[in-house]
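Contents: one structure, followed by commentary.
Ligands are counted one by one from 1 in listed order, and the atoms in each one are counted from 1 as well.
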Amino acid sequence: MTAEVLVVGAGPTGMTAANELRLAGVSCVLVDRLPRASELSKAGGLQTRTQEAFDQRGLLEPLLATGDYPVTTAHFAGNLLPLVRRRHRFPWRSVPQVVIEGFLEEHLAAEGIRVRRDHELAGLEQDADGVTATFADGTAIRSQYLVAADGGRSTVRKLLGAEFSGRPGTETMVAADVRLSAEVPMTTITREGYRAQVFPLGVDAEGRPLRRLTFGGPGWSRERDIPVTEDEIRTGLKTVFGNRVELVELRYARRITNAALQAAQYRHGRVFLAGDAAHVHLPFGAQGMNAGIQDAMNLGWKLGAAVRGTAPEGLLDSYHAERHPVGAAVLRNVQAQSLLLDDGPDSAAVRSLFTELVHLPEVQYLLDDMLSGMGFRYEIPGSEEHPLVGLPAHDLGPELRAGRGVLVDPEGQFGDLAQRWADRVNRVDTGAEAKLVRPDGYVAWAGDPDGLEPALRQWFGAPLS
Ligand SMILES: Cc1cc2nc3c(=O)[nH]c(=O)nc-3n(C[C@H](O)[C@H](O)[C@H](O)COP(=O)(O)OP(=O)(O)OC[C@H]3O[C@@H](n4cnc5c(N)ncnc54)[C@H](O)[C@@H]3O)c2cc1C
């Protein structure tokens, strides 16, 4: 079997990548080793930039129409950031990962991309022309490129021998979806060093509040694969909260590790690591899934251009150049959150100082820039000269639905130039200021008119004429 691009892993990253490749007109095969969709409860939060990107693809409204997903208050290590709630058009929302995955899978199916389940990638070889992936059942798929979206324990990453380094895990904690008998504070650390965090996770079908409980502490760490029991959760609650709260219902539980690791290279020839395959960390601040979706948005159109033969020199390498620093920044802020939730005596002092600092609007905005995905600016040519370049074009919506580049030309002065890239870039006359926006929604040029043609060449390749 052949495909232009093979996407391994049908989690949020792989499904977003498949959708982007579809928009780019590329034939893509999406495989997953699971026989059916995962029911694991993982991410609970959809960050601002992810919502904006989904909105630009026309996916946000139908996704949010599938249920009741409340706006929640973002937090950093349990410190609420109420001032950022009204900062963005799309504030942080509780949407369970399993809902997002189900929605994306249905959307892809409606567009003709069916997840090929029971396909466990087991081998990988690449040469100058393509990649051959072999599966546990002995079948093989040959493709021009491969996207490894196969999660934190990525088989592809291991087969590549890719460096995956950072801070190794030193302990595990329990993460559980629960119903509790009473309200408890978001963050509690006992004198003995036991820690619990309790976050809202929306409501169940009967409208009862669900919560994500995370707890750990001295002697609590176990091997990751040892199942979490209901008794363990009850003991954990008692250890941290005494008799203040009881477990009413346990929906789901697993162990998570405090490892913070990142692939040194996101590109390995024709193979690209994305999502958890490229970066893993504690789920603090609701960032992993969101970062993976943004990886896929960044990579999809670039691979599309490479397959169609229009990719300019360096376009595929820009995936690592742009997304690796974002992954590194996420890991840094998660490690900072870990330290703030640590049980050491010095951490208590830092925590108390931080609790004061976080009342300052500037601090809330800075932390929100990190967590929401809105503050990451790609270092691309022109980003030092113009305040818009390298940032998402927040004012665009349906203009980006087709997954093509967009030249915003309010005064109609760039018609002739735009015509030369008309097969890759749409020209629109909405908007206040002229700018060139890439298919992933990031501004590639604004300002000096002489910079437009070089920017078109840099991001979209040679013109038609
Ligand atoms: C308790 C918890 C809470 C979290 N909360 C948040 C949150 O609020 N916000 C947030 O953004 N993130 C959160 N995360 C992180 C988030 O769940 C992950 O970052 C996200 O799942 C990564 O998506 P992915 O598609 O990259 O990988 P995954 O979701 O892991 O998907 C990988 C897919 O690849 C498949 N696969 C694996 N190996 C193979 C193979 N060899 N062949 C074929 N298929 C394979 C797997 O079956 C799987 O379907 C949380 C995680 C946990 C555990």
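For Ala286, the heavy-atom gap to ligand 1 drops under 4.0 angstrom. Ligand 1 has Ala149 within reach: a non-hydrogen atom of the residue lies less than 4.0 Å from it.
If you check which protein heavy atom lies closest to atom 31 (O) of ligand 1, you get Gly11 CA, 3.6 Å. Counting only heavy atoms of the protein, atom 40 (C) of ligand 1 lies nearest to Leu121 N, 3.7 Å. Among all non-hydrogen protein atoms, the one lying nearest atom 26 (O) of ligand 1 is Thr13 OG1, 2.8 Å. Counting protein heavy atoms only, atom 13 (C) of ligand 1 is closest to Ala43 CB, 3.3 Å. What sits closest to atom 47 (O) of ligand 1 on the protein, heavy atoms only, is Asp32 OD1, 2.7 Å. Nearest non-hydrogen protein atom to atom 17 (O) of ligand 1 is Gln97 OE1, 2.7 Å. Ranking the protein heavy atoms by distance from atom 30 (O) of ligand 1 puts Lys42 NZ, 3.3 Å first. Atom 44 (N) of ligand 1 has Arg33 N, 3.0 Å as its closest protein atom, hydrogens excluded (heavy atom only).
Between Phe272 and Tyr319, the closest side-chain pair of non-hydrogen atoms falls below 4.5 Å. For the pair Asp342/Gln337, no side-chain contact is recorded, criterion being any heavy-atom separation below 4.5 Å from C-beta on.
The N/O atoms of Val31, backbone and side chain alike, include none that comes under 3.5 Å of an N/O atom in ligand 1. Between Ala274 and ligand 1, no N or O atom pair is found at a separation short of 3.5 Å. Ligand 1 has a nitrogen or oxygen under 3.5 angstrom from a nitrogen or oxygen of Pro12. The N/O atoms of Gly288, backbone and side chain alike, include one that comes under 3.5 Å of an N/O atom in ligand 1. The shortest N or O to N or O distance between Met289 and ligand 1 is below 3.5 Å. At a 3.5 angstrom cut-off on N or O pairs, Arg254 does not count as close to ligand 1. In terms of polar-atom proximity, defined here as any N/O pair under 3.5 Å, Asp276 does make such a contact with ligand 1.
Contacts between Ala291 and ligand 1, counted as non-hydrogen atom pairs separated by less than 4.0 Å, are absent for every part of the residue. Under 4.0 Å from ligand 1, not a single heavy atom of Val156 appears.
For the side chain to side chain contact (heavy atoms under 4.5 Å, CB included) test with Val99, the passing option among Leu64, Leu104, Thr66 is Thr66; the others fail. Test Arg251, Lys42, Glu249, Arg211 against Asp177 for side chain to side chain contact (heavy atoms under 4.5 Å, CB included) and you get one pass: Arg251. Among Gln294, His88, Met297, the one residue that satisfies the side chain to side chain contact (heavy atoms under 4.5 Å, CB included) test with Arg49 is Gln294. Tyr378 pairs in a side chain to side chain donor-acceptor pair (under 3.5 Å) with only one of the listed residues (Arg438, Glu322, Arg323), which is Arg323.
Taking the centre and axis of the six-membered ring of Phe164, the NZ or CZ atom of Arg157 falls inside the cone set by 45° and 6.0 Å.
The atoms of ligand 1 that sit less than 4.0 Å from any heavy atom of Val8 are 42 (N), 43 (C). Atoms of ligand 1 found under 4.0 Å from any heavy atom of Gly9 (numbered from 1 in listed order, with element): 33 (C), 34 (O), 35 (C). Listed by number with element, the atoms of ligand 1 under 4.0 angstrom from any heavy atom of His119 are 42 (N), 43 (C). Per-residue contacts place Leu34 under 4.0 angstrom from the following atoms of ligand 1 (heavy atoms of the residue considered): 47 (O). The ligand atoms of ligand 1 that sit less than 4.0 angstrom from a heavy atom of Gly45 are 8 (O), 9 (N). Of all atoms in ligand 1, listed by their number and element, those nearer than 4.0 Å to a heavy atom of Thr155 are 41 (N). Under a 4.0 Å criterion applied to the non-hydrogen atoms of Gly275, ligand 1 contributes the atoms 26 (O). The ligand atoms of ligand 1 that sit less than 4.0 angstrom from a heavy atom of Ala175 are 1 (C).
For the residue pair Thr13 / Asp295, no side-chain donor-acceptor distance below 3.5 Å is found, with atom types taken as modelled.
Judged by distance alone, the side chain of Glu20 and the main-chain N or O of Gly300 form no donor-acceptor pair under 3.5 Å.
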### Message
salt bridge (charged side-chain N to carboxylate O under 4.0 Å, His left out) for Arg153 and Asp225? Distances and angles first, verdict last.
### Response
CA-CA 13 Å; Arg153 301 187 198 187; Asp225 296 326; 3.6 Å; yes

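Residue nearest to atom 51 (C) of ligand 1, selected from Ala136, Ala253, Pro283: Pro283 (by heavy-atom distance).
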